[in-house]
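Structure first, commentary second.
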Amino acid sequence: MFSIALISIVLLIRYKPAYKVNIAGEDLGYVNNKEEIESAIDTYINDTQGCVAYINVPERPEYEFKFINNTIETSEEQLLLKVKDDSIITYRMYAIKLNGETKDYVENFEEAENIVASLKDQYSKDIEVDLTIEELYTEEALEVVSIETAKTDIDGVLATKLQEKKAAEAKAKAAKAVSRSYSSRMSGEKVSLGSVTLIKPVNGQITSRFGERSSIRSSAHTGLDIYVPYGTSIKAAAAGTVTCAGYSGSYGNLVIISHGEGVETWYAHCSSINVSVGNTVSQGQGIAAVGSSGNATGPHLHLEVRKDGTILNPQNYVY
Ligand SMILES: [Zn+2]
């Protein structure tokens with residue numbers, strides 16, 4: 001009896017009770033208290049479950065009761081680390097996609113829905129907003145951003161897109177406006193002048209053609225310039241009635257003759273005018289003298305031919 005008690009005391013001094021632990025056959029040392037470990041594992045699972053989509057701890061530890069030498073240290077912390085390492089976590093997140101391409105990942109579906117709705121509200125009247133939300137499950141730790149970051153990112157892309165669209169529209173509008181004003185006022189086409197035929201008002205060298213652009217003019221040339229010496233007589237290109245015989249801005253001294261059927265001829269930069277408004281003139285009649293009045297750098301006749309308000313190329317009819 002005494003010896004058994006003595007042996008027990010010696011045993012308890014030299015040895016302590018513990019659990020030998022293994023996970024899936026792997027020896028992981030000893031723990032003092034298996035209930036404490038099991039409870040710590042359960043707490044870990046519960047706590048993690050609240051944050052991610054799913055956590056799986058594939059193998060729980062197995063325990064074997066033993067008396068071990070007092071000098072052997074137990075290893076609860078390492079065991080818990082091993083359980084955490086082995087656990088498989090599936091994250092649920094939401095990809096916000098713009099034109100089918102993921103812009104950002106966020107954790108909360110409602111927040112994702114809110115920013116998509118507000119961005120659509122803001123932009124869809126002006127540009128196409130193809131924003132979708134995709135729920136995904138991944139074991140990969142993708143970079144999740146805050147909802148504010150996601151909104152700023154996507155807003156930036158849409159704002160740029162809108163700006164580009166507006167710039168393109170403004171450019172197209174300006175181009176259209178230019179081409180419209182040009183085509184409505186000038187035409188290089190040879191439209192019929194009806195029964196009206198024209199003769200050369202002066203004989204000289206052509207120095208600027210219809211439609212030409214130059215540094216002294218802000219727009220295309222509306223007539224034909226013919227160089228002739230100062231004072232040369234200008235003849236009416238066809239019979240008609242004088243409707244303008246006076247100074248007119250950049251045209252200088254200007255004579256306009258209406259020939260009927262909507263056809264007019266204009267004679268600009270004259271040094272003097274021999275006719276008055278209302279005069280009837282015959283074809284070849286001297287109506288004015290060549291000069292450089294108005295916007296002209298030297299003596300020449302600026303001749304225009306118009307039909308129903310459209311400025312035509314004089315060389316389709318004369319010269
Ligand atoms: Zn001219």
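When a ligand or atom number is given, it counts from 1 through the structure's own listing order. Here, residue 1 is the first one in the sequence, and each next residue gets the next number.
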For the Zn ion (ligand 1), decide whether His300 has an N, O or S atom at a distance under 2.8 Å. no
Relative to the ring of Tyr63, is the ring of Tyr19 parallel (under 30°), tilted (30 to 60°) or perpendicular (over 60°)? perpendicular
Which heavy-atom pair separates Ala236 from Val281 by the least distance, and what is that distance? CB-CG2, 4.1 Å
Determine yes or no for a side-chain-to-main-chain donor-acceptor pair under 3.5 angstrom, with His221 supplying the side chain and Arg209 the backbone. yes
Nearest 10° is fine: what angle sits at the Zn ion (ligand 1) between NE2 from His221 and ND1 from His302? 100°
Can you tell me if, anywhere in His269, an N/O/S atom lies at a distance from the Zn ion (ligand 1) that is smaller than 2.8 Å? no
Restricting to N, O or S atoms of Asp225, which is nearest to the Zn ion (ligand 1)? OD1
One pair to check against ring pair (Phe, Tyr, Trp, His ring centres under 6.0 Å): Phe65 and Phe67. What are the steps and the verdict? CA-CA 7 Å; Phe65 183 78; Phe67 278 100; 5.8 Å; yes
